[in-house]
Amino acid sequence: MGEQVRVRIAPSPTGDPHVGTAYQALFNYAFAKGRGGKFILRIEDTDQARSTKESEDAILESLRWLGLQWDEGPDIDGPHGPYRQSERLAIYRQHAESLLKAGHAYRCFCTRERLDKMRTRQGPDTGYDRHCRNILPAESDKRASAGQPFVIRMKIPGEGVCVFQDLLRGEIRKDWALVDDQIIIKSDGFPTYHLAVVVDDHLMGITHVIRGEEWINSVPKHVKLYEYFGWDLPIFCHLPLLRNKDKSKLSKRKNPTSINYYRRAGFLPEALLNYLGLMGWAMPDGEDKFTLQQMLANLQLEKISLGGPVFDVDKLRWLNGRYIREDFSPRALQEKLESWALNRERIGRIIPLVQPRLETLADWGHLTAAFFADEVPFDPQQLKIKGKAPQEVAEILQFSVWRLEEQGGFSAKALDALFRNMAVTLELKLRDLLAPFFVALSGRRVWTPLFDSMEILGSDMVRMRLRRAIEALGGVSGKKLKKLEKEYSVLFGRRD
Ligand code: GLU
């Protein structure tokens, strides 16, 4: 047997756990486990401004829910730790230093003003003009010790072609002239993705880099770094991107992308995995329904097709239905429903909210239906705010989705503060502002107290229902969306 297979996923903890991460995790996991290999989870949190612990926890939790357990990772450690990039800064610095010493990298002292001027002169999409590349090492050392701020850039050849192999695409060629002298250490001392990913994949003994195709363009920089360090390349395999039905890149405006949403909406982890397994791949016998065990016994990466797999929620629902009908006894299904939402804990949280509104016990049914549903039917005509046109209501709902995305916690108290603040900013009465939220979230104009109810529904389900309401009002997209983003940043502060 050859060398042991070691693969990894390397999510950045900057938002909801994404189905794209689950997709990559599945193929990495199945490939490694089908070959007695190891599956590693590494957290790429070098973007300090956008990374959060909450997001990291949510990613780990959603992968556990899917049953894709890693062999080494930030929570269990392993022989090549730490597995969180923010804890490996000294390692990156040391490697950047060695590139500096060898003349493969250089300090760049260019100020923002100079770079802005350069861009105005050359056009916005041009790379760095390599102004600092010729500063003599002694001079560079002197300026650095004098405390002048700098970044470190890697040297990219001015001409020639970079040639590398992708397992699914064969040979890929890119002119070096099109590649920039990439920053590898930022002015805050943190590495960029490019340096960190190469150093970590090498030190963690990764044999196959299986990830999304959006990274292909970065590979030449990585190939050069491997060469500078004198390391062997891993095998690169770039998976196709998941697509919306209209073939655009999977986006939350057109499709739910958060794994938590699917969990909340009553999808089964085994069905979701099975469906993701059908994205660009098929069992040799063509059967649609298969287990993870069957997938890993049959997966050959070379068989993945690049046609741009469409993630179609209706098909996923159909497959999920097959699991529910075919794989559960009524007793087992009862247990599943209980662990999903029909349990004492959840019902116990809902009771105090509905008790003041019950005249008969049977009122329970219609008053609480929205807590146990995915989509709730509503009349778009009822999505109203006093004095606002439907399009403006859609825009306000969109603002709220962005506010909720930026919001750390999702407690009733935090929501109360968020909406009060929104009402002040938008110069609306709180009551008027909240009216369409009742309709979008419950299908009714009167419901249980809004913020407590939202807390129980959870952030992903709330945002999903709000997006559906926005669509029902005609949606915000294209130019309108750009304009709205600007308006939002003026009203509420910057959105990244
Ligand atoms: N941190 C990158 C991401 O979030 C990982 C890319 C890679 O796998 O190399 O997608």
Side-chain angles (χ1 to χ4, degrees), residues 5-32 38-60 62-63 68 70 72-74 80 82-89 91-92 164-169 172 182-184 186 190-226 231 233-242 249-252 257-259 276 279 301 304 496:
V5 165
R6 289 177 59 84
V7 298
R8 84 322 186 258
I9 55 160
S12 298
T14 55
D16 298 327
H18 198 280
V19 283
T21 303
Y23 173 56
Q24 285 156 32
L26 169 65
F27 278 81
N28 273 284
Y29 178 93
F31 177 69
K38 297 273 189 241
F39 171 56
I40 288 117
L41 173 60
R42 180 172 74 229
I43 292 293
E44 300 207 329
D45 59 348
T46 55
D47 184 344
Q48 285 291 286
R50 297 178 63 223
S51 300
T52 66
K53 182 74 173 67
E54 259 167 32
S55 168
E56 178 186 314
D57 292 343
I59 292 169
L60 267 60
S62 64
L63 292 171
L68 300 175
W70 47 98
E72 298 166 29
H80 303 280
Y83 294 88
R84 202 178 278 115
Q85 288 188 329
S86 58
E87 293 165 18
R88 302 172 61 80
L89 299 181
I91 301 175
Y92 308 126
F164 64 93
Q165 300 291 326
D166 177 88
L167 195 67
L168 303 180
R169 293 163 183 79
I172 297 184
Q182 174 65 46
I183 297 178
I184 54 173
K186 298 180 271 190
F190 272 67
T192 55
Y193 160 71
H194 305 282
L195 177 68
V197 79
V198 167
V199 168
D200 288 349
D201 284 344
H202 174 75
L203 295 181
M204 294 181 182
I206 301 303
T207 55
H208 297 70
V209 170
I210 306 168
R211 66 181 162 203
E213 94 190 318
E214 70 267 38
W215 301 104
I216 287 192
N217 275 335
S218 302
V219 176
K221 293 167 185 172
H222 303 175
V223 167
K224 203 34 115 189
L225 286 172
Y226 278 99
W231 297 337
L233 289 176
I235 290 172
F236 293 113
C237 172
H238 290 86
L239 298 175
L241 282 183
L242 301 183
K249 179 178 161 197
L250 192 68
S251 65
K252 56 187 165 197
T257 54
S258 166
I259 302 170
L276 289 169
M279 298 287 100
L301 292 175
I304 295 171
D496 47 68

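Just follow the structure's listing: the first ligand is 1, and inside any ligand the first atom is 1.
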Heavy atoms under 4.0 Å from ligand 1: which residues qualify?
->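 Lining ligand 1: R8, A10, S12, E44, Y193, V197, R211, W215.
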
May I ask you to check whether Y83 and E72 show a side-chain donor-acceptor distance below 3.5 Å?
-> yes

Y92-D200 side chain donor-acceptor pair, cut-off 3.5 Å =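 Looking only at side-chain atoms, D200 and Y92 do form a donor-acceptor pair, the distance falling under 3.5 Å.
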
Please verify the inter-ring angle class for [X] with [Y]; under 30° counts as parallel, over 60° as perpendicular, anything in between as tilted.
X	Y	value
H194	H222	tilted
Y193	W215	tilted
F27	Y23	perpendicular

Would you say P13 and T52 make side-chain contact, with heavy atoms under 4.5 Å?
-> no

